Amino acid sequence: MRIHNNNLNLRQIAESGQCFRMNPIAENSYGLVAFDSYIELEQVEEDLIEINCSDNDYISIWKEYFDLDYDYGSIVDSLKEGSDEFLREAAIYGSGIRILRQEPFEMLISFIISQNKNIPSIKACIERICQGYGKKLIDDKTGKTYYTFPTAEKLANAKQDDLRALKLGYRDEYIIGAARRVLNGEIDFDYLKTCSHEEAVETLKKIRGIGDKVANCISLFGLHHIEAFPIDIWMKRVLSDIYDNKFDPGRYQGYAGIVQQYMFYYIRYINGVKS
DNA sequence: TGCCAGGAAGCCG
DNA sequence: CGGCTTCATGGC
């Protein structure tokens with residue numbers, strides 16, 4: 001299955017810090033586990049992607065997953081023509097980033113794990129939790145073995161000592177507590193997708209282990225409230241060092257989360273962060 | 001060895 | 001409310 005799109009770059013998406021299970025397998029190629037599937041993708045040309053999936057799976061799964069009905073090009077273009085120099089450069093540098101429509105529960109747990117960790121460490125923790133509590137599957141097309149992300153039920157019934165053995169640190173009790181709230185219906189992702197971003201954040205922050213930053217990440221990457229604006233250590237540097245704490249996300253009302261991703265990706269590049 | 005990582009909770013003033 | 005400390009863990 002081939003996709004032409006001017007704003008779809010696998011490397012940029014894989015390194016943008018929004019997803020943790022999309023990893024390089026060869027030059028310009030990536031393997032990705034999402035839902036119950038494993039797929040491999042190749043960046044054939046700057047505007048051409050090859051996915052090893054059927055037309056049916058593309059239409060029913062991956063087209064939405066990669067948010068391919070949304071016009072990122074017009075946002076990039078408007079930023080390129082804007083007066084904000086940093087955002088001009090950031091939008092050009094990250095013009096192939098898209099906000100993936102990932103599974104809410106996976107984002108909930110992943111970003112609880114993410115606190116006070118770097119991205120390679122987050123990925124390692126998530127792989128261990130998938131191997132310990134996910135389903136072991138074998139991909140028909142490649143023969144590769146992979147593990148799905150665990151269900152809420154699995155993690156709600158996990159023992160804290162077992163999770164501690166996966167080197168999740170103090171976050172283990174947060175994970176169990178959050179999974180229980182999903183399992184018993186206190187957290188309803190279908191509702192949180194339809195309600196406002198602000199209400200979703202306030203609801204998520206009631207979970208122990210979720211503060212403002214993690215709640216915004218879940219809202220942005222798991223609920224697709226693209227007006228979310230997560231502020232982590234890197235964004236704090238952008239807002240203070242580049243903007244002297246005078247940046248107003250309200251200027252990009254309705255899609256500030258996309259702007260945030262360009263900023264996050266670019267500031268890390270400027271600072272020479274690998275992966 | 002100390003510092004940092006897509007932070008949050010507890011405590012104190 | 002704002003600032004300080006602590007919390008597991010790994011990498012440099």
Side-chain angles (χ1 to χ4, degrees), chain A residues 11-23 90 93-94 97-100 102-104 106-129 131-132 158-179 181 187 197 200-242 245 247 249 256-275:
Chain A
R11 182 178 54 77
Q12 292 176 15
I13 292 171
E15 296 178 357
S16 68
Q18 61 173 304
C19 58
F20 303 106
R21 306 199 70 197
M22 180 175 176
N23 294 304
Y93 182 70
I97 295 174
R98 312 180 75 83
I99 308 294
L100 304 183
Q102 301 183 76
E103 291 178 280
E106 179 173 343
M107 293 298 95
L108 175 78
I109 301 301
S110 295
F111 279 98
I112 286 176
I113 291 172
S114 78
Q115 61 182 85
N116 211 24
K117 277 186 167 302
N118 55 36
I119 292 176
S121 176
I122 298 165
K123 288 185 174 184
C125 285
I126 291 173
E127 284 313 307
R128 285 195 293 273
I129 213 172
Q131 289 180 19
K159 290 182 181 173
Q160 188 175 344
D161 288 345
D162 294 338
L163 283 180
R164 185 57 61 101
L166 299 180
K167 304 298 183 182
L168 304 170
Y170 58 89
R171 304 162 191 80
D172 49 16
E173 57 180 298
Y174 298 162
I175 292 169
I176 295 172
R181 285 185 174 234
I187 296 296
H197 158 66
V201 164
E202 288 315 304
T203 303
L204 289 166
K205 283 169 73 173
K206 292 174 184 168
I207 301 175
R208 186 173 157 79
I210 297 183
D212 201 61
K213 188 270 172 183
V214 167
N216 269 271
C217 282
I218 298 166
S219 185
L220 178 56
F221 303 128
L223 306 171
H224 207 75
H225 289 305
I226 57 173
E227 63 269 43
F229 196 78
I231 300 175
D232 72 319
I233 184 71
W234 291 101
M235 285 302 296
K236 282 178 184 169
R237 285 172 191 152
V238 171
L239 298 181
S240 64
D241 299 352
I242 309 291
N245 291 318
F247 181 81
I258 297 174
V259 171
Q260 188 271 5
Q261 278 301 98
Y262 297 143
M263 292 175 149
F264 175 82
Y265 185 62
Y266 190 50
I267 193 66
R268 283 163 57 88
Y269 160 69
I270 289 177
N271 282 269
V273 182
K274 327 185 242 308
S275 81

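Proteins come first, then strands; the chains are lettered A, B, ... in the order of their sequence lines, and each starts at number 1. Computed from a prediction, not measured in an experiment: that's the story for all the values here.
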Subject >> Below 4.0 Å: OP1/OP2 of dG6(B) and any side-chain N or O of Arg268(A) >> reply: yes
Rounded to whole Å, how long is the line connecting atom [atom1] of [X] with atom [atom2] of [N]?
{"X": "Asp232(A)", "N": "dA5(B)", "atom1": "CG", "atom2": "P", "answer": "9 Å"}
{"X": "Arg164(A)", "N": "dA8(C)", "atom1": "CZ", "atom2": "C1'", "answer": "6 Å"}
{"X": "Met107(A)", "N": "dG6(B)", "atom1": "CE", "atom2": "P", "answer": "15 Å"}
{"X": "Asn271(A)", "N": "dA5(B)", "atom1": "CG", "atom2": "C1'", "answer": "13 Å"}
{"X": "Arg171(A)", "N": "dG6(B)", "atom1": "CZ", "atom2": "C1'", "answer": "12 Å"}
{"X": "Trp234(A)", "N": "dG7(B)", "atom1": "CH2", "atom2": "P", "answer": "10 Å"}
{"X": "Ile112(A)", "N": "dA8(C)", "atom1": "CD1", "atom2": "C1'", "answer": "16 Å"}
{"X": "Ile267(A)", "N": "dA5(B)", "atom1": "CD1", "atom2": "P", "answer": "12 Å"}

[X] bridged to [Y] by N-O distance under 4.0 Å:
{"X": "Glu15(A)", "Y": "Arg11(A)", "value": "yes"}
{"X": "Arg164(A)", "Y": "Asp172(A)", "value": "yes"}
{"X": "Glu127(A)", "Y": "Arg21(A)", "value": "yes"}

Separation of the [atom1] atoms in [N] and [M], to the nearest angstrom:
{"N": "dC4(B)", "M": "dA8(C)", "atom1": "C1'", "answer": "14 Å"}
{"N": "dT1(B)", "M": "dG10(C)", "atom1": "C1'", "answer": "14 Å"}
{"N": "dC7(C)", "M": "dC3(B)", "atom1": "C1'", "answer": "16 Å"}
{"N": "dA5(B)", "M": "dT6(C)", "atom1": "C1'", "answer": "16 Å"}

For the side chain of [X] and the backbone of [Y], is there at least one donor-acceptor N/O pair under 3.5 Å apart?
{"X": "Gln261(A)", "Y": "Ile13(A)", "result": "no"}
{"X": "Ser219(A)", "Y": "Ala215(A)", "result": "no"}
{"X": "Gln18(A)", "Y": "Leu100(A)", "result": "yes"}
{"X": "Arg181(A)", "Y": "Ile187(A)", "result": "no"}

Original post:
Quick one: side-chain hydrogen bond (donor to acceptor under 3.5 Å, both in side chains) partners of Lys205(A), sequence neighbours excluded?
Top reply: Asp212(A)
Contact class for [X] vs. all strands (heavy atom < 4.0 Å): base, sugar-phosphate, or nothing?
{"X": "Ser16(A)", "value": "base"}
{"X": "Phe20(A)", "value": "nothing"}
{"X": "Gln261(A)", "value": "base"}

Subject >> Value rounded to 0.5 Å, distance of CG in Leu163(A) from CD in Gln160(A) >> reply: 7.5 Å
**OP:** Any chance you could list the contact pattern along nucleotides 8-13 of chain B? Use B for base contacts, S for sugar-phosphate-only contacts and - for none, protein heavy atoms under 4.0 Å, 5' to 3'.
**Re:** SSS---
Show me the protein contacts with nucleotides 10-12 of chain C, counting only N or O atoms at under 3.5 Å.
none

Subject >> Tyr269(A) atom OH: more than 12 heavy-atom contacts under 6.0 Å >> reply: no
Original post:
Under the 5.5 Å and 30° test, is Phe111(A) stacked on the base of dG6(B)?
Top reply: no
